[in-house]
Amino acid sequence: MLAARYLGADRLEAEEIPLPVIGDEEALIQVDACGFCGSDISIIAGTHPRARAPLTVGHELCGRIVQMKSSSGSLRPGDRVTTYPLISCGDCHACTHGNPHVCRQLQLFGFDADGGMAEFVKLPVSSLMRLPEEMPGTIGALIEPLAVAVHGVSRTSLEDVQVAAVMGGGPIGLLTALVARSRGVPHVVISDILPSRLELARSLGLRAVSAGADLKNLVMELSHGDGADVLFECAGSASSAREMTSLVRSRGVIVNLGVFKKPVEIDMQAINFKEIEVLGSRVYERKDFQIAIDLAMQLPLEKIVTHSFSLRDVATAFSQFKRGKDCKVLILPGEHES
Ligand SMILES: [Zn+2]
Ligand SMILES: [Zn+2]
């Protein structure tokens, strides 16, 4: 079968590899669609601390069960599924206290074990989550990033929230803004530095402005000078970290979803003076996946997918994605170039 293989620093190639052989409590999934994620960039650059070549990348996938060896559960061959891709140790404090998603030694399919950017992927039956038959593959591949957004929004109460600001208009920022809006927040504003991303955000019906002064002006106007009730940091950039504390009100909440690659400057005095709460948000819990599956068909997700490619064109797809000007780039393994 064909698979998108990370073969060493800056080498991602479509390679023929043997079809995986499943063991007990495992299933073979024929993949319909699999998305690139920001974290794939560090794997393929060779800078990810855990990923080792050769590796099939991809953790944002959906497909159909073609074979399985399991005596329990309700899933059957033919069912459409996505995977909850986390692998937790089961022994650490987080794992034994109901938070395996922040396991001390958290691992993921697509990072630590072969992922789903391939014609087929072998996965534990326990990781699979059923998708509605009518959900298109392109939407199924967005369940994982949507679950990231659902988790981020669930980190804080939205009760009485009038103004929510989202910094960063990439897939996670857009999805977070859509989830916050679907929860009834009256004013959701999103910012980015790229005009193409602002345009995409506006096409989703979101209020989008340039990062920096424009964002601050709009937030202050909507909040009568107080600042946002909640801010979702989805950019992971030094400038968003520097500015975020000035954008929330006293006793406001900042939820960080963006993955920072190195330490950044944060205004601790503002956190102290305004008693701001800063909360981390890492990946998702299983319940967030189910919420994402139930919510997906009510959101305008098709527009988030800006490009799709066949598996043979994975190297081209990745260089397009890496330029950072697009939103979600998907690989459709069932599609063959003409
Ligand atoms: Zn991801
Ligand atoms: Zn653990």
Side-chain angles (χ1 to χ4, degrees), residues 4 6 12 31 33-45 47-51 55-63 82-118 121 123-124 126-127 129 138-153 168 170-176 178-179 232 234-236 256-261 280-286 288-289 292-293 296 301 304-308 314 317-318 321-322 324 326-331:
Y6 160 58
L12 179 73
V31 180
C34 184
F36 277 114
C37 172
S39 55
D40 293 322
I41 293 177
S42 62
I43 295 180
I44 294 152
T47 57
H48 192 276
R50 302 191 316 268
L55 175 79
T56 303
V57 298
H59 59 276
E60 305 182 358
L61 67 111
C62 82
T82 183
T83 181
Y84 180 77
L86 306 188
I87 309 166
S88 305
C89 79
D91 291 326
C92 72
H93 183 277
C95 284
T96 53
H97 289 74
N99 299 307
H101 68 293
V102 281
C103 170
R104 217 168 70 194
Q105 300 170 56
L106 187 69
Q107 299 194 337
L108 275 92
F109 289 99
F111 294 72
D112 305 275
D114 280 342
M117 199 169 275
V121 58
L123 291 164
S126 60
S127 81
M129 301 199 64
T138 46
I139 305 299
L142 293 178
I143 295 299
E144 193 266 2
L146 182 58
V148 171
V150 166
H151 186 64
V153 172
I172 297 300
L174 291 173
L175 292 168
T176 299
L178 291 176
V179 172
F232 298 98
C234 302
N256 162 241
L257 289 87
V259 178
F260 286 85
K261 299 291 179 205
S281 182
R282 188 178 188 191
V283 287
Y284 27 65
E285 297 171 66
R286 208 175 244 272
D288 301 313
F289 248 69
I293 292 168
L301 298 185
I304 302 229
V305 178
T306 48
H307 296 81
S308 52
V314 71
F318 180 68
F321 171 68
K322 213 172 88 172
D326 309 301
C327 201
K328 205 38 120 179
V329 175
L330 294 186
I331 296 295

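Whatever order the structure lists them in is the order used to number ligands and atoms, beginning at 1.
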Q: Looking at CE of M117 and CG of L12, how far apart are the two atoms once the value is rounded to the nearest 0.5 Å?
A: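 So the CE of M117 and the CG of L12 are separated by 7.5 Å.
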
Q: Working note: D114 + V121, criterion side chain to side chain contact (heavy atoms under 4.5 Å, CB included); need CA distance, chi angles, decisive distance, verdict.
A: CA-CA 8 Å; D114 280 342; V121 58; 5.8 Å; no

Q: Are L106 and R282 close enough that some pair of their side-chain heavy atoms sits under 4.5 Å apart?
A: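 Sidechains of R282 and L106: in contact.
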
Q: Side-chain donor-acceptor pair under 3.5 Å between S42 and T47, yes or no?
A: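 On atom types as modelled, these side chains do not qualify, holding no pair under 3.5 Å.
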
Q: If you round to the nearest 0.5 Å, how far is CZ of F36 from CD1 of I331?
A: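 That separation rounds to 5.0 Å.
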
Q: Using the rule side-chain contact (heavy atoms from CB on, under 4.5 Å), only one of S127, C62, P124 pairs with T83; which is it?
A: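 The residue from S127, C62, P124 that satisfies side-chain contact (heavy atoms from CB on, under 4.5 Å) with T83 turns out to be S127.
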
Q: Let me see the working for L61 and F109 under side chain to side chain contact (heavy atoms under 4.5 Å, CB included), right down to the final yes or no.
A: CA-CA 11 Å; L61 67 111; F109 289 99; over 6 Å; no

Q: Report the residue from V283, I293, V150 that forms a side-chain contact (heavy atoms from CB on, under 4.5 Å) with D288.
A: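 The side-chain contact (heavy atoms from CB on, under 4.5 Å) with D288 is passed solely by V150 among V283, I293, V150.
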
Q: For the Zn ion (ligand 1), count the protein N, O or S atoms found under 2.8 Å away.
A: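 Near the Zn ion (ligand 1), the number of protein N, O or S atoms below 2.8 Å is 3.
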
Q: Atom CD1 of I139 and atom CD1 of I304: how far apart are they, to the nearest 0.5 Å?
A: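 Reported to 0.5 Å precision, the distance equals 8.5 Å.
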
Q: Please give me the protein atoms (N, O or S only) lying under 2.8 Å from the Zn ion (ligand 2), ordered by chain and number.
A: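 For the Zn ion (ligand 2), the protein N, O and S atoms that sit under 2.8 Å away are C89 SG, C92 SG, C95 SG, C103 SG.
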
